[in-house]
2 protein chains.
Amino acid sequence: MAGRRRWSTEEILDAAVELLRTSDAESFSVRKLAAVLGTDSSSLYRHFRSKTELLRAVADRILLAAVDGYRPEGDWKQRITALALRVREAFGEHPQLAAVWARYASGGTGSRLVMEEVLQALSASGLPDAEIPARYHRIAVLIAALIASEAGVGAVTPEERAQGTELFRVAVFGADPERFPALARFARDVRPLGADRRAAFEEILAAHLAHIEAATSPTRGPARGGPPRR
Amino acid sequence: MAGRRRWSTEEILDAAVELLRTSDAESFSVRKLAAVLGTDSSSLYRHFRSKTELLRAVADRILLAAVDGYRPEGDWKQRITALALRVREAFGEHPQLAAVWARYASGGTGSRLVMEEVLQALSASGLPDAEIPARYHRIAVLIAALIASEAGVGAVTPEERAQGTELFRVAVFGADPERFPALARFARDVRPLGADRRAAFEEILAAHLAHIEAATSPTRGPARGGPPRR
DNA sequence: ACCTGAACACCGTTCAAGT
DNA sequence: ACCTGAACACCGTTCAAGT
């Protein structure tokens, strides 16, 4: 695939995205990327100070691609939800990028676009400006945590998953009903963490946004920071 | 520290907990554990099929220690919150264990205890039994995601953190106000993902539990699954 | 029966030596 | 000025050979 020539930083990032997409989870390495490019791993260290810096740059590309084509639609909750689902989708097949993103935030144009959209949506929500940065932070933490942890679940190898499922089954069905009465009672319907992730993601986010909304609406909920007047 | 003798599975796990606690983040390895025990890494593979299986067992110990001494107090929300904070605390210094736990769930006695407590708290909340397993699942996903991602943030090396902070600063303050008006407006108050994690954890969890409560209380919120009668 | 040593197939990163 | 090769200091895991 690769002749011998000089590669620009951009081309390296393109190749990294491609390699991450085609290689199976957790197996990306600097050495493999170099091999794909037909060069030595050491030469990549002129473009990036470390593997983390490289992955961070790739994560921002993914984010950029995720936001590409997004047009705000609906109320502020729908806008945030649509954006979050796009980001989730984008990182869905890139477990290690999700982890890097959640750890450090990518800090590039992709990041900026996502931040901007969420901040605009919150501005449209009726929240007082003074509360927006903190609300934004909680939303970002929540979304990043859910996406990264979901990606982590996705990165589990089939046999590890099988072991985990078996352990879960034993933990739930093997529990002594005397000591664990509630567990025994709900054993049949309790699901492992990895089950049903998309619905869980949407519901948890929806719950969080609904909670914010309750704090902004005068007729409902306890508005923090004094009663609103109309 | 180590004479040459046979080690039981339990002793290996004790040593692993100790090594994880004293070693700095992300540097735990099977080989180091073997070195601490004065044996060869290969001999550990009679006790565990893989590093993951070993870490899973260790994670369950951590969970067990976290729940040890816990006594239910207060209403159902306070009980879940207290438990979650204990688990958070326990995994706070064990990033890789948190990741393993969130990926597969540990499936041991520690897991069982946590599940039991949360299920009991939910039973006391007034939710109909039919809704409890799904509610439990969302709570578990949320808590695991927050803890694992927080642990991930904690595992970042100082210089990586410095790079990340700088990138964030540039992304926020360097944004073109024309293209990113909201970002420009809130630049001064927006915090990076890693900031203020404990408060974020508590607030996000509180919001989620409040949302559940709103669904159970007849006088408030839209109760899913038909109107309650009293 | 149990454990060891050596090996396999990898990592990220550095740096002297080459072109 | 740029890149390479080789090396350093590691990994998880397997398995023949030893006790």
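Remember, it's a predicted structure, so these values are computed and weren't measured experimentally. In what follows, chains are A, B, ... by sequence order, proteins preceding strands, each numbered from 1.
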Heavy atoms, side chains only, cut-off 4.5 Å: are Val67(A) and Arg86(A) in contact? no

I'd like to check Arg138(A) versus Asp196(B) (side-chain heavy atoms, cut-off strictly below 4.5 Å). Are they in contact? yes

Expected rows: protein N/O vs nucleotides 13-19 of chain C N/O, under 3.5 Å:
unit_1  : atom_1 : unit_2   : atom_2 : d
dT13(C) : OP2    : Tyr45(A) : OH     : 2.4
dT13(C) : OP2    : Lys51(A) : N      : 2.9
dT13(C) : O5'    : Tyr45(A) : OH     : 3.2

Residue pair Ser123(B) / Gln120(B), side-chain donor-acceptor N/O under 3.5 Å: no

[N] [atom2] sits how many Å from [X] [atom1], rounded?
X	N	atom1	atom2	answer
Trp7(B)	dC2(C)	CH2	C1'	16 Å
Leu19(B)	dC11(D)	CG	P	10 Å
Leu37(A)	dC3(D)	CG	P	12 Å
His47(A)	dA1(D)	NE2	P	17 Å
Leu55(A)	dG12(C)	CG	C1'	12 Å

Answer yes or no: does atom CD of Glu159(B) have more than 12 heavy-atom neighbours from other residues, nucleotides or ligands under 6.0 Å? no

Would you say Arg46(B) reaches dC2(C)'s phosphate, i.e. side-chain N/O to OP1/OP2 under 4.0 Å? no

Presence of Lys32(A) side-chain N/O under 4.0 Å of dC10(C) phosphate oxygens OP1/OP2: no

Side-chain ion pair, Arg21(A) and Glu18(A), N-O less than 4.0 Å: yes

For Lys32(B) and Ser27(B), indicate whether the former's side chain and the latter's backbone hold a donor-acceptor pair under 3.5 Å. yes

Write down the distance separating the C1' atoms in dC11(C) and dC8(D), rounded off to the nearest Å. 12 Å

Say we look at dA17(D) and dC2(C): how far apart would their C1' atoms be, to the nearest angstrom? 13 Å

Separation between CD1 (Ile204(A)) and NE2 (His137(B)), nearest 0.5 Å, reads 8.0 Å

Residue matched to dA1(D) through Watson-Crick or wobble contacts both under 3.5 angstrom: dT19(C)

Re dG12(C): Watson-Crick or G-U wobble partner, both distances kept under 3.5 Å, found to be dC8(D)

